[in-house]
Q: 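One structure follows; several queries about it will come next.
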Amino acid sequence: MRSSLLLLAVALAACGAGGSRAAEPVGLFDGRTFAGWEGGTAGANPAWRIVDGAFVGGSLKAPVPRNEFLCTTRPYTNFVLRLQFRILGEGANAGIQVRSRRVPNHHEMVGYQADLGDPEWWGCLYDESRRNRVLAKADAAKVRAVLKRADWNEYEIRCEGRRIRLAINGLTTVDYTEPDEAIEQAGLIGLQIHGGPPSEAWYRDLRLEELP
């Protein structure tokens, strides 16, 4: 009896009080191939390439003609996504899509975007190609204090239920709860380089922890 109770206690501790626990974090990028990702990787001048273990969108040698997205081949619902990014080029703009989907027969994506770029997009939550507006604005002064321009930075994106939280280099920039129950809360993860001046968006070390 004592042994059975001990085993039960261990099982409950492993599963947590709710009877389930988050999955172990997994890497979404092997650093060498586009396995598990799709979008703009083919042709003589692809929108996306792999350089030094990072996904790179755009170019510093020519304007970026349009928004381009590299996205996962499977959807996710509740998760914590951690990744490193750096944005190069004057006027560069980029972002990470979550709970999003491709627009059929088009290069755009629809859904939440953890935004990046000047003058004050860093750390904001934008609704890409849907409501087309900032849903939650970051404190630009606080973000500037932790942001390492043209260097590697850490982005953490936590999606739980209708709540989305963003953090850059440990600073929480947004804590948003979706009030519209009609807005979908599952979808693809996508990496963006925004159309505009010569610029590059670099992303590496993508790790995802799925939540119950």
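Positions are given from 1 along the sequence.
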Q: In Å and rounded to the nearest 0.5 Å, what is the CZ to CZ distance from R66 to F69?
A: 10.5 Å
Q: With a 4.5 Å cut-off on side-chain heavy atoms, are P197 and P63 touching?
A: no
Q: Would you say the side chain of E154 lies within less than 4.5 Å of the side chain of R82, judging by non-hydrogen atoms?
A: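 Yes, side chains in contact.
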Q: Looking at T173 and G123, would you say the former's side chain and the latter's main chain have a donor-acceptor pair under 3.5 Å?
A: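 Yes, the answer is positive, given that a donor and an acceptor are paired below the 3.5 Å cut-off.
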Q: With hydrophobic residues grouped by side-chain heavy-atom distances under 4.5 Å, do Y176 and I96 end up in a single group?
A: yes
Q: Got N67 and H107 here, is their nearest side-chain heavy-atom distance under 4.5 Å?
A: yes
Q: Run the side chain to side chain contact (heavy atoms under 4.5 Å, CB included) check on N93 and D115 step by step: do they pass?
A: CA-CA 8 Å; N93 185 283; D115 218 336; 4.0 Å; yes
Q: When rounded to the nearest 0.5 angstrom, what is the spacing between CG in L147 and CG in L171?
A: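 Spacing of CG (L147) from CG (L171) equals 10.5 Å.
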Q: Assign the ring pair F55 / F29 to parallel, tilted or perpendicular, where the plane angle (0 to 90°) is split at 30° and 60°.
A: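 Judged by the thresholds at 30° and 60°, the geometry between F55 and F29 is parallel.
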Q: Atom CH2 of W152 and atom CD of Q84: how far apart are they, to the nearest 0.5 Å?
A: 7.0 Å
Q: Grab the two heavy atoms, one from P75 and one from L188, that are nearest each other, plus how far apart they are.
A: N-CD2, 3.8 Å
Q: Between atom CG of L135 and atom CD of E128, what is the distance when rounded to the nearest 0.5 Å?
A: 11.0 Å
Q: How far apart are the closest heavy atoms of G43 and P46, and which atoms are they?
A: O-CD, 3.4 Å
Q: With a 6.0 Å cut-off on ring centres, are Y155 and F85 close enough?
A: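 Ring centres of F85 and Y155 closer than 6.0 Å.
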Q: Keeping W48 on the side-chain end and G58 on the backbone end, is there a donor-acceptor pair under 3.5 Å?
A: no
Q: Would you find a donor on one side and an acceptor on the other, under 3.5 Å apart, between the side chain of N169 and the backbone of N153?
A: no
Q: Determine yes or no for a side-chain-to-main-chain donor-acceptor pair under 3.5 angstrom, with R99 supplying the side chain and G187 the backbone.
A: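 Not at all, since once roles are kept as given, no pair shorter than 3.5 Å links the two residues.
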Q: Please name the pair of heavy atoms, one in S59 and one in V64, separated by the smallest distance, quoted to 0.1 Å.
A: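 Looking at all heavy atoms of both residues, the closest pair is N-CG2, 4.3 Å.
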Q: Where the side chain of Y203 meets the backbone of Q192, is there a donor-acceptor pair that is under 3.5 Å apart?
A: yes
Q: If only atom types and distance count, is the side chain of R162 paired as donor or acceptor with the main-chain N or O of D180 below 3.5 Å?
A: yes
Q: Please say whether more than 12 non-hydrogen atoms of neighbouring residues, nucleotides or ligands are located less than 6.0 Å from CG in D52.
A: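 No, the 6.0 Å shell around CG holds no more than 12 heavy atoms from other groups.
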Q: Quick one: is the NZ or CZ of R144 closer than 6.0 Å to the six-membered ring centre of W122, and within 45° of its axis?
A: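 No, R144 does not lie over the aromatic ring of W122.
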Q: Is the count of non-hydrogen atoms from other residues, nucleotides or ligands lying under 6.0 Å from W121 atom CH2 greater than 12?
A: no
Q: What closest approach, in Å, do A54 and R204 show between heavy atoms, and which atom pair accounts for it?
A: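 What the structure gives for the nearest pair is CB-CB, 3.9 Å.
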Q: For the residue pair V174 and A138, what are the closest heavy atoms and their distance?
A: CG2-N, 4.4 Å
Q: Can a cation-pi geometry be assigned to R130 and Y112, taking NZ or CZ under 6.0 Å from the six-membered ring centre and within 45° of the ring axis?
A: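 Judged by the rule, R130 and Y112 form a cation-pi pair.
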Q: What do the steps show when you test V80 against L208 for side chain to side chain contact (heavy atoms under 4.5 Å, CB included), and what is the final call?
A: CA-CA 6 Å; V80 181; L208 187 133; over 6 Å; no
Q: Could you give me the CA-CA distance, side-chain angles and deciding distance for E120 and K137, then say whether salt bridge (charged side-chain N to carboxylate O under 4.0 Å, His left out) is met?
A: CA-CA 9 Å; E120 296 184 351; K137 190 170 178 58; 3.5 Å; yes
Q: Distance check, rounded to the nearest 0.5 Å: S199 atom OG versus H194 atom NE2?
A: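 The distance works out to 10.0 Å.
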Q: Could you please spell out the steps behind the salt bridge (charged side-chain N to carboxylate O under 4.0 Å, His left out) verdict for E210 and R74?
A: CA-CA 13 Å; E210 290 199 76; R74 60 152 288 193; 3.4 Å; yes
Q: If you apply the rule side chain to side chain contact (heavy atoms under 4.5 Å, CB included), what do you find for L125 with Q113, and how did you get there?
A: CA-CA 6 Å; L125 182 66; Q113 182 181 115; 6.0 Å; no
Q: What are the two closest non-hydrogen atoms of I157 and A114, and how far apart are they?
A: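 Between these two residues, the closest heavy atoms are CD1-CB, 3.7 Å.
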Q: Could you check C71 against Q97 for side chain to side chain contact (heavy atoms under 4.5 Å, CB included), going step by step and ending with a plain yes or no?
A: CA-CA 8 Å; C71 70; Q97 297 291 136; over 6 Å; no
Q: Let me know which of L81, L211, I164 forms a side chain to side chain contact (heavy atoms under 4.5 Å, CB included) with R158.
A: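 Exactly one option meets the side chain to side chain contact (heavy atoms under 4.5 Å, CB included) with R158, and it is L211.
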Q: Between E108 and R101, does any side-chain N to carboxylate O distance fall below 4.0 Å?
A: no
Q: Do the side chains of L83 and L28 join up, straight or via other hydrophobic residues, at under 4.5 Å, putting them in one cluster?
A: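 L83 and L28: one cluster.
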Q: Would the number of heavy atoms belonging to other residues, nucleotides or ligands and lying under 6.0 Å from CG of N45 be above 12?
A: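 Open.
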Q: Side-chain contact test, heavy atoms from C-beta onward, threshold under 4.5 Å: evaluate it for I87 versus D118 and give yes or no.
A: no
Q: Would you mind reporting whether Y126 and S129 have side-chain heavy atoms less than 4.5 Å apart?
A: no
Q: Of V26, L191, T72, which meets side chain to side chain contact (heavy atoms under 4.5 Å, CB included) against L206?
A: L191
Q: Does the D175 side chain pair with the main chain of R165, one donor and one acceptor, at a distance under 3.5 Å?
A: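 Such a contact is absent between D175 side chain and R165 backbone.
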Q: Would a hydrophobic clustering, with Ile, Leu, Val, Met, Phe, Trp and Tyr connected at side-chain separations under 4.5 Å, put L166 with V134?
A: no
Q: Check whether I189 and V110 end up in the same hydrophobic cluster, where Ile, Leu, Val, Met, Phe, Trp and Tyr are linked by side-chain heavy atoms less than 4.5 Å apart.
A: no
Q: Nearest 0.5 Å, please: how far is CD in E160 from CG in N78?
A: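 Rounded to the nearest 0.5 Å, the CG-CD separation comes out at 7.0 Å.
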Q: Counting only N and O atoms by type, is there a donor-acceptor contact under 3.5 Å from the side chain of T41 to the main-chain atoms of G39?
A: no
Q: Look only at the side chain of R149 and the backbone of L88, and say whether a donor-acceptor pair between them is shorter than 3.5 Å.
A: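 Answer holds: no.
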Q: Apply salt bridge (charged side-chain N to carboxylate O under 4.0 Å, His left out) to E178 and R163, showing your working.
A: CA-CA 6 Å; E178 177 57 62; R163 188 180 183 190; over 6 Å; no
Q: Give a yes or no answer on whether the side chain of R207 reaches the backbone of D205 with a donor-acceptor pair at less than 3.5 Å.
A: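 A pair under 3.5 Å: yes.
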